[in-house]
Each structure stands twice: as structure tokens, then as C-alpha cells.
Amino acid sequence: MTEPKENPLMEKIVSLCKRRGFIFQSSEIYGGINGFWDYGPLGVELRKNIRDCWWNDMVRQRDDIVGLESSIIMHPKVWEASGHIGGFNDPMVDCKVSKQRFRADQLFFAPVIIDRKIVGYVSALESETTAAEMQEQAEKFKRKKAIQGKLEPVQPRDFTEAKSEEIPLIPSPATGEPGSLTPPRAFNMMLQTYVGALRDESAVAYLRPETAQGMFVDFKAIVDTGRVKIPFGIAQVGKSFRNEITPRNFIFRSREFEQMEMEYFISDEDDWAKWHRYWIDWCREWLVKAGIPAAQLSEYNHPKEKLSHYSKGTTDIMFQFPFGVQELWGIAARGNFDLSQHAKFSGEPMEYFDDVAKRKYVPHVIEPAVGVDRIMLAILCSAYCEDQAPDEKGKMESRVVLKFAPRIAPIKVAIFPLLKNKPELVEKAKAVRDLLRPHMTVFYDEAGAIGRRYRRQDEIGTPFGLTIDFDTLGEKGDELKDTVTLRDRDTMKQERVKISELLQLLLPKIR
RNA sequence: GCGGGCGUAGUUCAAUGGUAGAACGGCAGUCUUCCAAACUGCACACGAGGGUUCGAUUCCCUUCGCCCGCUCCA
């Protein structure tokens with residue numbers, strides 16, 4: 001099967017997002033900056049709705065979850081404790097020929113020394129037999145080059161110790177030939193900055209790569225002041241930053257992104273699998289409520305051998321994006337690793353005293369973590385739709401519609417006077433706009449033909465359109481006076497509704 | 001980070017070694033009687049930098065960005 005070289009659907013969505021003011025490339029007038037995006041007038045409404053829905057469902061409608069907004073820049077030790085500095089800051093070595101990448105500390109090399117003279121180098125990847133392998137290579141090397149003399153035993157060193165003049169002489173483990181390896185380069189995922197006026201090592205700080213650590217670091221403060229009892233959760237929405245090597249797929253993976261994370265603390269004796277399942281189901285239901293069809297969702301369980309050593313299990317809710325099935329929402333059982341680490345690094349005990357069980361323990365945690373940006377992209381992709389609609393003369397034309405769930409649509413209702421050159425219509429339409437505006441996002445439009453205005457709203461996913469016509473003014477008698485047509489985005493059907501009943505009709509539909 | 005492809009209006013495309021056209025969209029106006037009507041007018045582009053050249057949007061180099069594949073994604 002050949003992979004499609006292009007992705008027409010994705011291109012259409014990207015171009016619609018730009019055309020209608022959802023998403024722009026950041027700093028575009030300067031040529032753009034890779035991995036950063038701006039959200040325009042409609043994008044910002046959509047994101048706000050996503051955040052608000054999540055916050056409402058996750059925090060406000062529950063007794064057991066409280067909110068938090070921690071700072072983006074935290075004490076650098078936070079990232080030592082979390083493992084982001086120590087464990088994931090490994091220098092990497094690339095082989096320019098085979099395109100393989102190795103961790104420098106797992107790549108070993110040694111000079112081949114005959115009669116006290118270095119005649120070449122051998123290399124091997126870390127394994128139980130690295131030393132033996134390299135000794136064998138050295139002997140083979142000696143035979144091949146037909147060099148006489150005494151071969152000294154090889155002494156493997158890892159690549160982080162390679163001197164710059166040695167690097168071109170060390171063979172790549174992939175090809176066996178020297179000259180293709182790059183010097184070790186650090187791939188630190190965290191964005192760095194300096195706090196304070198001095199730009200020295202002591203001032204280095206990091207932009208958080210996840211919001212989660214804020215919840216762990218403030219765990220004690222919340223337990224002490226929040227009147228919370230296990231099981232309970234701490235939720236946070238905020239920006240995070242990662243130096244992704246390859247930002248790709250529109251806003252799917254960016255360097256600045258917004259997370260919605262929740263840490264749900266449970267007893268160390270609780271059945272974590274039960275809570276894990278509970279949160280997976282909760283997240284799936286939430287996505288469906290946000291308008292994503294259940295049929296486009298699936299689950300992926302991370303294989304045990306790929307899990308971090310502290311994780312008991314991670315399940316990703318996957319979404320069928322136009323560019324493939326990709327991770328949307330990760331639900332991780334993190335054990336009590338994070339709290340224990342912070343206890344260790346800060347010296348502050350992170351134990352919870354359980355009034356019911358009458359004992360102390362370090363709680364375990366289940367973490368549903370999702371990106372606002374990813375949800376936004378999934379919503380855009382599943383909402384995008386092209387169908388057929390009749391034009392003025394009844395001829396079928398293709399129509400682009402974003403079928404957003406009304407609760408997350410940027411604009412809930414658009415209001416039109418049938419004609420703009422009739423002051424009575426305009427005045428009445430503006431009165432209807434003012435009536436609804438305190439309760440929902442509205443958009444007033446009087447430009448062009450009515451059909452065009454409907455189509456414009458279809459393209460930005462506005463679920464309802466209201467048109468004020470001559471009947472509204474009472475031209476056909478009192479029966480229709482002060483009624484308007486309410487037009488449905490998806491069916492394009494219209495019904496006649498009394499202005500006085502609009503609010504009670506619309507409000508339940510947009511919740 | 002590597003390899004391949006590509007950068008011309010808001011979008012989709014065209015042309016050209018002598019500085020660019022269209023369609024759709026946008027804005028304003030005339031006109032309107034419920035699904036992208038018509039007419040008129042207006043605004044808007046050669047991603048950036050350097051080189052070759054009398055002259056570069058066009059050729060070359062660099063860079064930035066986008067797409068596809070690999071890699072990476074704690």
C-alpha cells in the first residue's frame with residue numbers, strides 16, 4: 001500500500017483556519033517560526049470554550065477536584081526531581097551515513113593499539129558483550145591490515161569522552177566505517193531562560209515542559225489548606241513548552257502548547273486500575289460531548305517494557321486524524337514517584353494523613369493529560385464537512401460546514417436583517433442582537449445576500465442563524481409579528497420563532 | 001537532525017531575465033424579499049538575505065517556513 005504523498009483534507013482545514021481567522025502561523029510577517037502558532041478571533045473563542053467546558057466538567061461540577069494555577073517558571077530543582085534534567089538530557093550522536101542516532105553514553109569506542117601505537121579505532125553499542133565484541137574487532141582489524149606486533153587489550157570508553165580529534169577516526173557501529181559520526185550533542189527538551197540580571201549558570205531556569213509538576217509541588221499546600229480528602233484531584237490549565245525536534249502536523253505538536261492536566265490522588269492501597277479505567281472512560285465521554293464522534297476514538301495501552309520505570313500503566317485515547325491515528329489524551333498511572341521524588345529533593349515530607357485509615361502514606365496518582373491544541377485540532381478535523389446545498393436557483397453547490405457541537409462553537413447565533421437598506425429591518429435585527437448578546441456569543445451581519453451570509457456562518461460553524469424579515473415587522477399581520485426565522489446549520493431547515501421565546505429556546509441548545 | 005518536494009494577493013492557481021494576471025474571497029456603493037445573485041469601484045502578492053547581470057519574481061548560494069518520509073516525541 002502506498003502512503004498518500006499529500007493530504008488534501010488537512011490542507012483544506014489549514015487553509016480554512018487561516019482564511020476564517022482560527023489559526024495563523026506565528027510571526028508570519030518575519031517568515032514564521034517553527035512550532036509556534038497564533039489563534040485568531042475565532043480560534044480564541046473556540047479554545048476558550050474548550051477550556052471552559054473542561055474546567056467546568058472537571059472542577060466546578062465535582063466535589064473532589066480543585067483548581068490550581070502554578071507559575072510557568074519554577075525552581076530548577078523541580079526538574080531535577082521530576083527527572084527532566086538528569087534523565088532526559090543525554091547527548092546524542094548521529095551517524096550521517098546510516099541516519100541512525102545513538103545515545104553517547106551507550107556508544108563505546110576504543111583505540112586499537114599495536115606496539116604502543118594507535119593504528120585505528122573500534123566501536124560498539126552498549127551490551128553485555130561490548131568489551132568482548134570490541135576486542136574481537138580489534139583483532140580482526142589487525143589481521144585485515146596485516147600489522148605485525150603486540151595488540152594491547154582494548155579499553156572501551158563511552159562516546160561522551162571522545163576527543164574532537166578522535167571522532168572522525170571512530171567507525172560508526174552502523175556502517176563499520178569512520179568519519180560519519182557527529183560530536184555528541186545535547187538534546188534538551190526544555191526551553192531555557194535566565195532569571196535575574198546575571199546570565200550565569202546559577203541563573204538558569206526552565207519554562208515548564210508540563211503543568212503536572214506544579215500540582216505535585218503544591219500538593220502539601222493544597223492538602224493543608226484546601227480541606228480536601230483522598231481521593232481528590234488537582235486540575236490545571238496552562239501553557240507548557242518543549243523543544244520538539246520535529247514540530248509537525250499543524251498544531252498537533254508545537255513547541256508552545258496548552259495543557260489541561262489533572263492529578264487524581266488515591267490511597268496507596270487503592271485499586272489503581274479501577275481509577276485508571278474510570279478516568280479513561282470519563283475522558284472518552286468528555287470528548288464525545290465536545291463533538292468528537294466516538295467512532296473516531298480508540299485506545300492504546302503502552303506496552304509494559306516501554307513504560308517509565310515508575311509508571312504502572314499508561315493508556316492513550318487515540319483520534320483518527322487525517323494524517324493518521326494519533327495520541328489525543330494520555331491517562332497515566334504514575335504511582336507515587338513524583339511526590340516521593342519531591343519529598344527526597346526538597347526534604348519536605350509529602351505524606352498524607354488519612355483520617356479514616358488512621359495512617360500516613362504517600363498517595364498514588366492517576367493523571368489524565370491533554371492538550372487544548374490537540375483537542376482543538378481533533379474538533380476541527382471531525383467537524384469539517386463538505387456537503388451539497390441548493391443555490392438561489394435551486395442548483396446544487398458544494399458547501400463547507402464546520403459541524404461544531406453548539407457548546408464549543410465560537411459563535412452561537414448569527415443575526416441578519418433580510419435586507420440592509422430597510423432601516424426598520426436593521427433596527428429590529430440589532431434589537432434582537434442586543435437581546436441575546438448578554439447570554440451567548442452573537443454575530444451581526446448585514447452585508448450581501450442572505451444566502452451568502454448563511455454560508456459564511458456555515459464555514460465557521462455557527463449552529464444557528466436568525467433572520468429578521470418583513471413578517472417580523474408585522475407586514476403579514478399580528479400572527480407573525482415579532483417572530484423570526486431560526487435556521488439550523490446542519491439541516492438548513494428554518495422555523496418561525498417568537499422573539500420573546502428565543503432565549504428559552506436557544507439556551508438549552510448551546511449548553 | 002537527515003533525505004526529497006515546495007514557497008507568486010486572504011485562498012487556489014498562472015505568466016515572465018525588462019518588477020506580475022485570473023478566479024474565488026474581502027471592503028465600499030447601487031440593487032435586494034431566505035441559502036455563496038448582478039453591476040461598479042477599491043485594497044491586497046513574487047518568504048527573507050546575498051550573488052551573477054545593465055536589469056532577477058525568474059538563474060545560483062544561504063536562510064526561514066510549509067509538505068512527505070526517516071528520526072525524535074521524557
Side-chain angles (χ1 to χ4, degrees), chain A residues 2-8 10-12 14-21 24-36 40 79 82-90 92-103 180 182 185 187-190 209-210 212 242-250 252-253 255 306-311 323 326-327 330 332 388-400 416-422 425 446-459 465-471 473 475 484-487 489 492-494 496:
Chain A
T2 41
E3 290 295 316
K5 286 277 183 229
E6 50 193 55
N7 198 327
M10 206 53 216
E11 282 169 27
K12 282 179 185 174
V14 171
S15 117
L16 172 63
C17 283
K18 180 169 189 187
R19 184 154 37 92
R20 291 304 191 186
F24 309 120
Q25 192 179 16
S26 168
S27 314
E28 204 177 11
I29 62 168
Y30 289 102
I33 176 163
N34 190 283
F36 297 89
W79 307 112
S82 70
H84 286 84
I85 289 182
F88 309 111
N89 198 12
D90 307 305
M92 305 293 279
V93 178
D94 286 312
C95 168
K96 286 184 281 195
V97 172
S98 69
K99 311 302 176 202
Q100 287 191 50
R101 174 170 289 165
F102 312 101
R103 269 175 59 174
S180 67
T182 64
R185 288 175 288 192
F187 285 82
N188 192 343
M189 282 290 187
M190 282 195 290
E210 60 175 28
R242 293 181 196 180
N243 255 325
E244 299 291 354
I245 292 171
T246 315
R248 198 75 65 95
N249 289 325
F250 201 27
F252 180 79
R253 178 175 295 125
R255 290 181 164 142
K306 284 223 169 186
L307 291 176
S308 323
H309 61 281
Y310 55 83
S311 177
F323 44 83
Q326 297 281 334
E327 171 195 338
Q388 298 286 308
D391 70 4
E392 203 186 19
K393 299 174 189 92
K395 203 180 108 205
M396 296 309 271
E397 304 235 345
S398 82
R399 175 181 81 133
V400 173
F416 317 116
L418 185 58
L419 303 171
K420 79 164 167 183
N421 61 352
K422 296 284 183 285
L425 289 178
E446 58 179 31
I450 189 73
R452 171 180 295 269
R453 284 179 266 164
Y454 283 145
R455 298 297 180 82
R456 269 200 285 248
Q457 295 303 318
D458 290 339
E459 220 180 30
L466 290 177
T467 301
I468 285 73
D469 61 12
F470 294 98
D471 296 349
L473 302 175
E475 241 178 37
V484 295
T485 53
L486 173 64
R487 183 254 196 189
R489 174 195 66 202
M492 292 184 279
K493 295 231 171 72
Q494 301 183 345
R496 203 80 205 175

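Reminder, nothing fancy here: chain letters follow the sequence lines and each chain counts from 1.
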Inset, instruction - Starting at atom CD of Q388(A), determine the distance to atom P of C35(B), rounded to an integer number of angstrom. - result: 17 Å

Legend entry - Protein-to-nucleotide contact annotation, 5' to 3' order, nucleotides 21-26 of chain B [B base; S sugar-phosphate only; - none; under 4.0 Å, heavy atom]: ----SS

Inset, instruction - Check the distance between A38(B)'s C1' and N421(A)'s CG and give it to me in whole angstrom. - result: 15 Å

Inset, instruction - Hunt down the Watson-Crick or G-U wobble partner of U52(B), both distances under 3.5 Å, from any strand shown, or write none. - result: none

Legend entry - Contact nearer the 5' end of RNA chain B, comparing S398(A) with A447(A): A447(A)

Inset, instruction - Please work out if R399(A) contacts a base, only the sugar-phosphate, or nothing of the nucleic acid, heavy-atom cut-off 4.0 Å. - result: nothing

Inset, instruction - Tell me, please, which residues at least two apart from R455(A) pass side chain to side chain contact (heavy atoms under 4.5 Å, CB included). - result: A389(A), R399(A), D458(A)

Inset, instruction - Side chain of K18(A) only, please: which of U11(B), C31(B), C72(B) is the nearest? - result: U11(B)

Legend entry - Side chain of K420(A) - closest among G29(B), G65(B), G1(B): G29(B)

Legend entry - Atom pair distance, as rounded to whole Å: CD1 in I33(A) and C1' in G65(B): 11 Å

Legend entry - Donor-acceptor contact present, side-chain R242(A) to main-chain P209(A), <3.5 Å: yes

Inset, instruction - Among the candidates G1(B), C34(B), C35(B), find the nucleotide nearest to the side-chain atoms of T467(A). - result: C34(B)

Inset, instruction - Can you figure out which of C66(B), C31(B), C35(B) approaches the side chain of Q25(A) most closely? - result: C66(B)

Legend entry - Nucleotide forming a Watson-Crick or wobble pair with G3(B), both distances under 3.5 Å: C68(B)

Legend entry - Centroid separation Y454(A) to F416(A) less than 6.0 Å: yes

Inset, instruction - Specify the separation, in whole Å, of atom CZ of F416(A) and atom P of A36(B). - result: 13 Å

Inset, instruction - Take the protein atom CZ of F250(A) and the nucleotide atom C1' of G65(B), then report the distance between them rounded to whole Å. - result: 14 Å

Inset, instruction - Would you mind pulling out the nucleotide paired to G41(B), Watson-Crick or G-U wobble, both distances under 3.5 Å? - result: C27(B)

Inset, instruction - For F36(A), enumerate each residue passing the ring-ring contact (aromatic ring centres under 6.0 Å, His included) test, keeping only those at least two apart in sequence or located in another chain. - result: none

Legend entry - Contact nearer the 5' end of RNA chain B, comparing N34(A) with R242(A): N34(A)

Legend entry - Which nucleotide in A74(B), C31(B), C34(B) has an atom nearest any side-chain atom of Q494(A): C34(B)

